[in-house]
Asker: 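Structure incoming, see below.
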Protein chains: 2
Amino acid sequence: MSKLLPEKTIERLSRYRRILLSNVYNEKEFIYSHELAHLLHLTSVQVRRDLMLMGYSGTPTKGYHVTSLITAINDTIDPPEVQYAAVVGMGNFGTAIARHLKNKRDFIRVIAGFDIDNEVINRILPGIKCFHINEIEKVIKELNISFCILTVPPESANLTKDVLIKAGILGILNLTATSLDVPASIFLEEYDIITSLEKIAYFTKHL
Amino acid sequence: MSKLLPEKTIERLSRYRRILLSNVYNEKEFIYSHELAHLLHLTSVQVRRDLMLMGYSGTPTKGYHVTSLITAINDTIDPPEVQYAAVVGMGNFGTAIARHLKNKRDFIRVIAGFDIDNEVINRILPGIKCFHINEIEKVIKELNISFCILTVPPESANLTKDVLIKAGILGILNLTATSLDVPASIFLEEYDIITSLEKIAYFTKHL
DNA sequence: TAGATTGTTAATCGATTAACAATC
DNA sequence: TAGATTGTTAATCGATTAACAATC
């Protein structure tokens, strides 16, 4: 197994790929580090260093070959086979997230939702099956779901997390306002929109 | 104006306050740095250092007085008066975000939504008025809106941002997959959920 | 060749953590 | 007082940026 790349580099590789896949550079065969940097508001050194860490090389004067760079990023960050994900907590927020993520990436497919509300459970969302949370362990195993996006109410977050881990999940994206405690074998990513807004309130107050 | 605190400290202060306001410590008058740290999966040094940077003191042996700590955080991070926010792009995702944020914080109120779809514009959302994006400049000024949450399609993000800045907005939370270019006078916070998922895919593949 | 660009090491910057004196 | 905790400086760690040789 190759050495792990820094989290920040992985984030940027994801963003480089998205820009390269979008039609912005459709026409061009090559792209310079400063062009890519400009599109994402980074510096060209940072771009070159990230690509270097990935073990990818460009050509002085020509820059980086767009399609081969995309392939290199695919090989680096994509999982070897399609990974399935579920949204746990299909309220307004969870449902919107599930819809939003559907078919966004080829290698990560949101295919299931869980909730305690029977109203929600038989709701038809194209491509996303909804289940009662009681079935979570069984369904996760049957559908081979490896990540979950957690959008349950904050009070239930820690309990739900325990169930997910017991069911063999590998990673959690926690969009709940509660901070989760997970073993080192689980990859946890947390984002809290309220904290973002409070940051904006603080920094706009002062600048 | 007091010296700006680091972004990471502000993020944690926001989280400390949320925990303290939740009923977890309802009963206790004092809390130790290691208790607060444990609840958020941080170290006690980090908690003490953050509070020190804020200029707040506890008492050896007793720890920190819960209600006065909350007040200190309020005074540090809350704006002097209520700030109004708008969600720009009221699709499924934007609408869910607007609902999700409604009444979450006393000093930040999401009161308006903007979209190009006439279907959406007259939609009734309790407490949130929807407007056509053509009216954005006028409405932002009239309602004294100071931040926006951007949830438009990625292609429209940069154009929309220009309008927001022209209308005098101070901060933007960009939930769009496009990276924005803003002048230094605007506080910009960006979060991209797809990138989070791709990070999870990478790190669960390797660990 | 001259000039722009890549690749990479070393320096810098910022944030976290270790160490420990001061305090109740 | 003894012991646990706070407050704070100094050391460490990690990520970004500067500098510059190598390359086309």
Side-chain angles (χ1 to χ4, degrees), chain A residues 3-16 20 25 28-66 68-69 72-73 76 179 184 189-190 195 199 202-203 206, chain B residues 2-16 20 25 28-66 68-69 72-73 76 179 184 188-190 195 199 202-203 206:
Chain A
K3 190 119 188 0
L4 277 192
L5 299 175
E7 285 206 24
K8 296 292 171 103
T9 294
I10 296 300
E11 279 177 25
R12 284 186 298 260
L13 289 174
S14 159
R15 295 169 62 207
Y16 299 151
L20 293 169
Y25 274 76
K28 295 189 63 174
E29 204 183 343
F30 287 86
I31 188 170
Y32 294 121
S33 62
H34 64 258
E35 293 174 307
L36 196 45
H38 181 77
L39 290 165
L40 294 163
H41 313 107
L42 305 168
T43 64
S44 61
V45 206
Q46 196 158 50
V47 171
R48 290 200 300 279
R49 197 170 207 287
D50 285 335
L51 303 189
M52 181 203 82
L53 289 175
M54 187 171 70
Y56 180 80
S57 288
T59 317
T61 34
K62 277 182 169 177
Y64 300 93
H65 188 258
V66 175
S68 88
L69 173 53
I73 298 177
T76 304
S179 163
E189 175 85 356
E190 305 199 300
T195 295
K199 263 173 83 174
Y202 175 79
F203 287 103
H206 285 91
Chain B
S2 58
K3 192 128 188 347
L4 276 191
L5 299 175
E7 284 206 23
K8 296 290 170 105
T9 294
I10 296 301
E11 279 176 26
R12 286 187 297 261
L13 289 174
S14 159
R15 296 169 62 208
Y16 299 150
L20 294 169
Y25 275 76
K28 297 189 62 174
E29 204 184 342
F30 287 86
I31 188 169
Y32 293 121
S33 62
H34 65 258
E35 294 174 306
L36 195 45
H38 182 75
L39 290 165
L40 294 164
H41 312 108
L42 304 168
T43 64
S44 62
V45 207
Q46 196 156 52
V47 171
R48 290 200 300 279
R49 198 171 207 288
D50 285 335
L51 303 190
M52 181 203 84
L53 289 175
M54 187 170 70
Y56 181 79
S57 288
T59 316
T61 35
K62 280 183 169 176
Y64 301 91
H65 188 258
V66 175
S68 87
L69 174 53
I73 298 178
T76 304
S179 163
L188 175 67
E189 175 85 356
E190 306 200 298
T195 294
K199 262 173 84 174
Y202 175 80
F203 287 103
H206 286 91

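A, B, ... follow the sequence lines: proteins, then strands. Residue 1 opens every chain. For the numbers below, each heavy atom of this structure counts, side chains included, while hydrogens, waters and symmetry mates do not.
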Asker: Does the structure show a Watson-Crick or G-U wobble partner for dA22(D), both distances under 3.5 Å? Name it, or say none.
Answerer: dT5(C)
Asker: Using whole Å, report how far CG of Leu51(A) lies from P of dT6(C).
Answerer: 9 Å
Asker: Compare side-chain N and O positions of Tyr32(A) against OP1 and OP2 of dC24(D) and report whether any pair is under 4.0 Å apart.
Answerer: no
Asker: Nearest 0.5 Å please: distance from the CZ atom of Phe30(B) over to the CG atom of Leu69(B).
Answerer: 11.0 Å
Asker: Between C1' on dT6(D) and CG on Leu53(B), what's the gap in Å once rounded to a whole number?
Answerer: 14 Å
Asker: Between Lys28(A) and Glu35(A), does any side-chain N to carboxylate O distance fall below 4.0 Å?
Answerer: yes
Asker: Please check if the side chain of Tyr202(B) supplies one atom and the backbone of Leu5(A) the other of a donor-acceptor pair under 3.5 Å.
Answerer: yes
Asker: Please report, rounded to the nearest Å, how far the P atom of dT6(D) is from the CG atom of Leu69(B).
Answerer: 12 Å
Asker: Under 4.0 Å: is that the gap between some side-chain N or O of Arg48(B) and OP1 or OP2 of dG7(D)?
Answerer: no
Asker: Using OP1 and OP2 only, check whether a side-chain N or O of Arg49(A) sits under 4.0 Å from dA19(D).
Answerer: no
Asker: Report the nucleotide, chosen from dA19(C), dC24(D), dT17(D), that has the shortest atom-to-atom distance to any side-chain atom of Val45(B).
Answerer: dA19(C)
Asker: Closer to the 5' end of DNA chain D via nearest nucleotide, is it Ser44(B) or Pro6(A)?
Answerer: Ser44(B)
Asker: Figure out the CD/C1' separation between Glu35(B) and dA4(D), and round it to whole Å.
Answerer: 12 Å
Asker: Taking the side chain of Pro60(A) as its heavy atoms from C-beta onward, which of dA10(C), dT5(C), dT17(C) lies nearest to it?
Answerer: dT5(C)
Asker: Go ahead and name the base partner of dT12(D); Watson-Crick or wobble counts if both distances stay under 3.5 Å, otherwise write none.
Answerer: dA15(C)
Asker: Quick check against the 3.5 Å criterion: does Tyr16(A) have a side-chain atom that pairs as donor or acceptor with the backbone of Glu11(A)?
Answerer: no
Asker: Using atom NE2 of His34(A) as one end and atom C1' of dT17(D) as the other, report the distance to the nearest whole Å.
Answerer: 18 Å
Asker: Looking at dT6(C), I'd like to know if its phosphate oxygens (OP1 or OP2) sit under 4.0 Å from a side-chain N or O belonging to Ser33(A).
Answerer: yes
Asker: Give a yes or no answer on whether the side chain of Ser14(B) reaches the backbone of Ile10(B) with a donor-acceptor pair at less than 3.5 Å.
Answerer: no
Asker: Can you measure Gln46(A) atom CD to dG14(C) atom P for me and round it to whole angstrom units?
Answerer: 14 Å
Asker: Taking 4.0 Å as the cut-off, does a side-chain nitrogen or oxygen of Thr61(A) come that near to OP1 or OP2 on dA4(C)?
Answerer: no
Asker: Considering just the side-chain nitrogens and oxygens of Ser57(A), establish if one lies under 4.0 Å of OP1 or OP2 belonging to dG7(C).
Answerer: yes
Asker: In whole Å, I'd like the distance from the NZ atom of Lys62(A) to the P atom of dT6(C).
Answerer: 13 Å
Asker: Please give, in whole Å, the distance from dC13(C) P to Lys8(B) NZ?
Answerer: 19 Å
Asker: When you measure from the side chain of Met52(A), which nucleotide among dT6(D), dT17(D), dG7(C) comes out closest?
Answerer: dG7(C)
